[in-house]
Each structure stands twice: as structure tokens, then as C-alpha cells.
Amino acid sequence: MADIPPNLDWVRAAPEDAIGPGPWIEIAFGEDDAVYIRETSAPDNVVTTTQKKWDAFVLGVQAGEFDHFVEDAVTD
């Protein structure tokens with residue numbers, strides 16, 4: 001596993017009114033086009049990708065390209 005910079009500014013991907021410990025996904029943007037992703041329940045387990053791949057993923061989510069993964073999910 002690559003070294004994770006200690007000074008990352010982690011941003012929680014949760015609704016503004018969300019309370020409690022989660023688990024939530026957190027994102028940090030590092031130097032050299034690096035994007036770091038972790039879950040609050042396992043903060044030492046970090047996935048690293050590039051800004052270009054992250055942008056493509058976010059655009060894919062917005063376009064509904066991953067909706068089939070949650071077709072049977074129950075929403076509140």
C-alpha cells in the first residue's frame with residue numbers, strides 16, 4: 001500500500017443534517033492528482049485513485065450509470 005500523506009483534509013460525503021458516527025465515506029484530494037477514499041469505520045483502509053478517474057466516476061454516478069447496483073435497495 002502506498003504511503004498516505006498525514007496532512008490530508010478529509011471531507012465526509014454525508015448529508016449536511018446527518019448525525020452519528022456513520023459509517024460514512026470520506027474523500028481527500030492530495031498532491032500529484034491523487035484522490036484518497038476511506039470509510040469512517042475503517043480509516044486505515046484507504047483506496048487511492050487519480051483525479052481523472054474520480055471525475056469519471058462522479059459523472060457516471062450523476063448520469064445513472066451505476067443505478068443497476070442498487071435497484072433493490074430500500075430507501076427511507
Task: From D9 atom CG to I27 atom CD1, the distance as rounded to the nearest 0.5 Å - done: 12.0 Å
- [ ] Apply side chain to side chain contact (heavy atoms under 4.5 Å, CB included) to E39 and N45, showing your working.
- [x] CA-CA 8 Å; E39 187 176 332; N45 187 12; over 6 Å; no
- [ ] Test E26 against V11 for side chain to side chain contact (heavy atoms under 4.5 Å, CB included), laying out the working first.
- [x] CA-CA 5 Å; E26 294 180 314; V11 178; over 6 Å; no
Return the minimal non-hydrogen interatomic distance between [X] and [Y], and the atom names on each side.
X: W24; Y: A13; answer: CE3-O, 4.3 Å
X: L8; Y: A28; answer: CB-CB, 3.8 Å
X: T40; Y: R12; answer: CG2-NH2, 3.6 Å

- [ ] Evaluate whether atom CD1 of I19 has more than 12 neighbouring non-hydrogen atoms of other residues, nucleotides or ligands under 6.0 angstrom away.
- [x]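 Result for CD1/I19: open.
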- [ ] Can you establish whether the number of heavy atoms outside D32 located under 6.0 Å from its atom CG is more than 12?
- [x] no
Task: Flag side-chain contact, heavy atom, 4.5 Å: Y36 against I4 - done: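 Yes; the side chains approach each other to less than 4.5 Å.
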Task: Intermediate values then yes/no, side chain to side chain contact (heavy atoms under 4.5 Å, CB included), I37 and V46 - done: CA-CA 6 Å; I37 307 162; V46 178; over 6 Å; no
Task: is_close_aromatic(F66, F57), centroid dist under 6.0 Å - done: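 Yes, they do, as the ring centres are separated by less than 6.0 Å.
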- [ ] Would you sort out whether V35 and T48 count as a side chain to side chain contact (heavy atoms under 4.5 Å, CB included), showing the intermediate values?
- [x] CA-CA 6 Å; V35 177; T48 305; over 6 Å; no
Open item on the list: Can you pull out every side-chain hydrogen bond (donor to acceptor under 3.5 Å, both in side chains) where at least one residue sits in residues 55-69? Sequence neighbours excluded, please.
Closed with: Q51-D55
Task: ILVMFWY network linking L59 to F69, side-chain heavy atoms under 4.5 angstrom - done: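 Per the 4.5 Å side-chain linkage, L59 and F69 are not co-clustered.
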